[in-house]
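The structure under discussion appears below in the form of structure tokens.
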Amino acid sequence: MEKIIKLGISRCLLGENVRFDGGHKLDRFLTDTLGQYVEYVSVCPEVECGLGVPRESMHLEGDPDSPRLMTTRTKQDMTDRLVQWARKRVSELEKEDLCGFIFKSDSPSSGMERIKVYNERGMSVKKGVGVFARIFMDHFPLLPVEDEGRLHDPKLRENFIERIFTLKRWRQVLAKKESRGNVVDFHMRHKLLILSHSPKHYQMMGKLVAKAKALSLRELYQQYQTHLMESLGLKTTPKKNVNVLQHMVGYFREQLSSDEEQELLEVIDHYRGGYVPLIVPVTLINHYVRKYDQLYLKEQIYLNPQPLELQLRNHV
Ligand code: SF4
């Protein structure tokens, strides 16, 4: 598959020796597995703003909502230097058409959440955001972001990957000539995926698409994109997935034999009970989609969300 999805990433996660101590934080899942499907744009805030390798370590200090970035031993304040560089860097990154960013956890520059912020007595609270990460997230509020630590959790991993792949497909729609038909077509294929994240957004977006003719193209695209990214930001749960699976059974009621229906409902029940992963009912439904040539379901991204090799649904 062509590497068409561009993701920003904290450079040390790719194995480059850019950390304060001259080391790296190579993450093999990101380089060897996800790396087969994406092209990384790496960013090391501390090196790119002119600090060398090795360098004095830093941490956040002061007000957790707007902390200062200080060197730990000599107490130099690096905040302004990093902020100035970061503002320029995020504008440059606009040209890259990124579909997301993977940050290094626990870093006072690159960490996206729960970063230690120290007070004058040397006590810390895990409430900060890294200086570059904050500026990046403010600049690209709808872009999916994660850190490598959270991506070790299969559910968070599946959610993140689903979002970046969906954003890429949406960007492909944006690259075409604007038309209501293109939005409607995208929506039709993503309906069940959206339902698996948020029944509320599924309803809202259904209404939005239904009144597409009453909106200007610009309004339609903007509102749809906002709802899309918001909906995928909400996590799927077994309960929401069961709702989608049952919804799909409804499309087959006429065609399935009573044995087949019974088997399918049992498999869904096993998933609900946590005895089998989501891939099991999804595979069975895909089998019936082919057997009965179910055209609507055949088109659903939910049933074939992203490269099989990532095995995302084997764990959720
Ligand atoms: S955490 Fe960020 S600033 Fe630190 S080495 Fe990695 S990329 Fe550079």
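In listed order, ligands and their atoms are each counted from 1.
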Problem - V47 to ligand 1, any heavy atom closer than 4.0 Å - result: no

Exercise for the section: Output the list of atoms in ligand 1 that are nearer than 4.0 Å to some heavy atom of E46, sorted by atom number. Expected result: 3 (S)

Exercise for the section: Pull out every atom of ligand 1 sitting under 4.0 Å from any heavy atom of V18, numbered as shown with elements. Expected result: 5 (S)

Completion exercise
Paired with Y292, the side-chain hydrogen bond (donor to acceptor under 3.5 Å, both in side chains) test is passed by just one of E254, E260, Q255, namely E260

Practice task
Please verify whether a non-hydrogen atom of V43 lies at under 4.0 Å from ligand 1.
Solution key: yes

Problem - Ligand-residue contact atoms, ligand 1 with R11, heavy atoms, under 4.0 Å - result: 7 (S)

Exercise for the section: Can you figure out which of S107, G23, S110, A133 has its heavy atom closest to atom 2 (Fe) of ligand 1? Expected result: S110

Practice task
Pull out every atom of ligand 1 sitting under 4.0 Å from any heavy atom of C44, numbered as shown with elements.
Solution key: 3 (S), 5 (S), 7 (S), 8 (Fe)

Exercise for the section: Find out if a path of hydrophobic residues (ILVMFWY) with successive side-chain heavy-atom gaps under 4.5 Å connects L192 to M204. Expected result: no

Completion exercise
Quick look: K104 vs ligand 1, heavy-atom contacts under 4.0 Å, and the answer is side chain

Handout entry: Metal proximity, C12 vs atom 8 (Fe) of ligand 1, N/O/S cut-off 2.8 Å
Key = no

Practice task
Flag this pair as yes if the NZ/CZ of R157 is under 6.0 angstrom from the six-membered ring centre of F29 and inside a 45 degree cone about the axis; otherwise no.
Solution key: yes

Handout entry: Linked, directly or transitively: L303 and I301 (ILVMFWY side chains, under 4.5 Å)
Key = yes

Handout entry: Short side-chain donor-acceptor distance under 3.5 Å, R169 and T166
Key = yes

Exercise for the section: Indicate if I5 and L151 have the same hydrophobic cluster label, given that clusters are the connected sets of ILVMFWY residues with side-chain heavy-atom separations under 4.5 angstrom. Expected result: yes

Problem - Between F136 and F103, ring centroids under 6.0 Å - result: yes

